[in-house]
S.K.: 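Before I ask anything, here is the structure I am working with.
Reckoned from all heavy atoms, side chains included, excluding hydrogens, waters and symmetry mates. Residue numbers count from 1 along this sequence.
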Amino acid sequence: MIKETNCGITVWVECEYQAEYSNPANMHYMFAYRITIKNDSDYTIQLLSRHWDIFDSLGEYKCVEGEGVVGQQPILAPGESHQYVSGCNLKTEMGYMQGYYTMVRQLDGQEFRVKIPRFNLIAKFKLN
């Protein structure tokens, strides 16, 4: 598990290779990741959007941006958490993701970015 705190927001990431949804013969490797976001600040916040930088071991790069996370723009009071699961497919058995969330403080409308820590995407058979 990877964990990082910035701007008073803690982000945890867990990642797992999904062999049952992958097809290595066709260069299709599927990964699932679970993210937990905890508001450790003194303000109520809302997650507005996400930005992902995704790299595979061939050097291919994808940028993914969009509103919210899995169709939601959660509002978190101080001490509250939000967890979601999503996925990513690569053409190789290894890569990594990193990015940021754009959030807003409900009190004054101040927008800020929260870094999503870099995490590796590695098929289990590559670790043996």
Side-chain angles (χ1 to χ4, degrees):
M1 180 183 316
I2 306 293
K3 174 184 169 185
E4 186 165 322
T5 301
N6 58 85
C7 301
I9 311 301
T10 303
V11 178
W12 288 271
V13 183
E14 298 173 84
C15 182
E16 185 174 317
Y17 175 62
Q18 303 289 294
E20 62 274 19
Y21 300 109
S22 298
N23 186 340
N26 290 323
M27 296 179 66
H28 180 80
Y29 300 87
M30 189 69 200
F31 299 87
Y33 55 88
R34 173 179 297 132
I35 295 192
T36 304
I37 303 163
K38 184 175 181 207
N39 182 1
D40 290 318
S41 77
D42 296 329
Y43 304 97
T44 298
I45 58 154
Q46 182 174 16
L47 189 154
L48 299 177
S49 63
R50 71 196 181 286
H51 172 100
W52 285 111
D53 296 313
I54 306 167
F55 300 85
D56 70 19
S57 59
L58 293 175
E60 288 196 30
Y61 164 73
K62 289 190 284 190
C63 175
V64 176
E65 295 184 309
E67 289 187 4
V69 289
V70 292
Q72 299 180 354
Q73 292 180 308
I75 296 173
L76 302 174
E80 289 186 336
S81 296
H82 177 77
Q83 186 175 88
Y84 70 96
V85 176
S86 191
C88 173
N89 63 309
L90 298 179
K91 291 182 180 178
T92 63
E93 62 274 277
M94 295 189 315
Y96 67 91
M97 294 175 65
Q98 61 190 20
Y100 61 84
Y101 298 117
T102 299
M103 306 220 175
V104 63
R105 279 195 322 212
Q106 297 288 288
L107 177 69
D108 57 10
Q110 178 69 43
E111 290 189 13
F112 60 99
R113 288 183 177 175
V114 173
K115 181 181 174 187
I116 304 167
R118 175 180 165 162
F119 58 98
N120 293 324
L121 306 165
I122 302 173
K124 287 185 180 179
F125 63 85
K126 288 300 284 186
L127 297 174
N128 294 330

S.K.: Quick one: does Y29's side chain get under 4.5 Å of D56's, heavy atoms only?
M.R.: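 The answer is no, as the side chains (C-beta and beyond) never meet within the 4.5 Å cut-off.
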
S.K.: Let me know which of K38, R118, K115 forms a salt bridge (Lys or Arg N to Asp or Glu O under 4.0 Å) with E4.
M.R.: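 Of K38, R118, K115, salt bridge (Lys or Arg N to Asp or Glu O under 4.0 Å) with E4 is met by K115 alone.
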
S.K.: Rounded to the nearest 0.5 Å, what's the gap from OH on Y33 to CD on E14? Could you check?
M.R.: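 One gets 13.5 Å once the value is rounded to the nearest 0.5 Å.
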
S.K.: Linking I/L/V/M/F/W/Y whenever their side-chain heavy atoms sit closer than 4.5 Å, directly or via other members, would V13 and I37 fall into one cluster?
M.R.: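 V13 and I37: one cluster.
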
S.K.: Is M30 reachable from M94 through a run of hydrophobic residues whose side-chain heavy atoms are each under 4.5 Å from the next?
M.R.: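 No, separate clusters.
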
S.K.: Check residues 62-72 and write down every donor-acceptor pair under 3.5 Å in which the side-chain atom is one partner and the other belongs to a residue at least two apart or another chain.
M.R.:
| unit_1 | atom_1 | unit_2 | atom_2 | d |
| --- | --- | --- | --- | --- |
| K62 | NZ | N89 | O | 3.0 |
| E65 | OE2 | H51 | ND1 | 2.7 |
| Q72 | OE1 | H82 | NE2 | 3.4 |

S.K.: Nearest 0.5 Å, please: how far is NE2 in H28 from CG in L90?
M.R.: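 If we round to the nearest 0.5 Å, L90:CG and H28:NE2 are 9.5 Å apart.
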
S.K.: Take a 6.0 Å sphere around CZ of F119 and say whether it holds more than 12 heavy atoms from other residues, nucleotides or ligands.
M.R.: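 Correct, the count exceeds 12.
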
S.K.: Any donor and acceptor pair, going by atom type alone, linking the side chain of S41 with main-chain N or O of Y43 inside 3.5 Å?
M.R.: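 Indeed, once roles are kept as given, a pair shorter than 3.5 Å links the two residues.
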
S.K.: Do C15 and N120 touch side chain to side chain, with heavy atoms closer than 4.5 Å?
M.R.: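 A side-chain contact under 4.5 Å is absent here.
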
S.K.: Return the CG to OH distance between L48 and Y101, rounded to the nearest 0.5 Å.
M.R.: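 Interatomic distance, L48 CG to Y101 OH, rounded to 0.5 Å: 13.0 Å.
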
S.K.: Under 4.5 Å between side-chain heavy atoms, hopping through other hydrophobics if needed: is there a path connecting I2 to Y17?
M.R.: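 Yes, because I2 and Y17 connect within a single hydrophobic cluster, where side-chain heavy atoms sit under 4.5 Å apart.
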
S.K.: CG/N39 to CG/L47 distance, rounded to the nearest 0.5 angstrom?
M.R.: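 Those atoms lie 11.0 Å apart.
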
S.K.: Indicate the atoms forming the closest heavy-atom contact of V114 with C7, along with that distance.
M.R.: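 Minimum heavy-atom separation between V114 and C7: CG2-CB, 4.4 Å.
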
S.K.: Are Y84 and I54 connected, step by step, through hydrophobic side chains (Ile, Leu, Val, Met, Phe, Trp, Tyr) whose heavy atoms are closer than 4.5 Å?
M.R.: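 Same hydrophobic cluster.
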
S.K.: Do the non-hydrogen side-chain atoms of I116 and W52 ever get within less than 4.5 Å of each other?
M.R.: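 In short, these two side chains touch, coming nearer than 4.5 Å.
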
S.K.: Indicate yes or no for a side-chain donor-acceptor contact from T92 to the backbone of S57 under 3.5 Å, with no hydrogens or angles considered.
M.R.: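 Answer holds: yes.
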
S.K.: Do Y100 and I45 sit in one hydrophobic cluster, given that two such residues count as connected whenever their side-chain heavy atoms are within less than 4.5 Å of each other, even indirectly?
M.R.: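 They do not share one cluster, since no chain of ILVMFWY contacts under 4.5 Å joins Y100 to I45.
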
S.K.: Does R105 have more than 12 heavy atoms from other residues, nucleotides or ligands lying within 6.0 Å of its CZ?
M.R.: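 For R105, atom CZ is crowded (more than 12 foreign heavy atoms under 6.0 Å).
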
S.K.: Minimum heavy-atom separation for F55 to Q98, with atom names?
M.R.: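 That would be CE1-NE2, 4.4 Å.
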
S.K.: Using a 4.5 Å cut-off on heavy atoms from C-beta on, say whether the side chain of M27 contacts that of L58.
M.R.: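 Heavy-atom side-chain distance check passes, below 4.5 Å.
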
S.K.: Roughly how far apart are T102 OG1 and R50 CZ, rounded to 0.5 Å?
M.R.: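 Nearest 0.5 Å value for the OG1-CZ distance: 11.0 Å.
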
S.K.: Judged by atom type as modelled, is there a donor-acceptor pair below 3.5 Å linking the side chain of Q46 to the main-chain atoms of Q73?
M.R.: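 Flag set: sc Q46 to bb Q73 pair under 3.5 Å.
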
S.K.: Do you know which two heavy atoms are closest between V11 and P117, and how far apart they sit?
M.R.: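 Heavy atoms of V11 and P117 come nearest at CG1-CD, 4.0 Å.
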
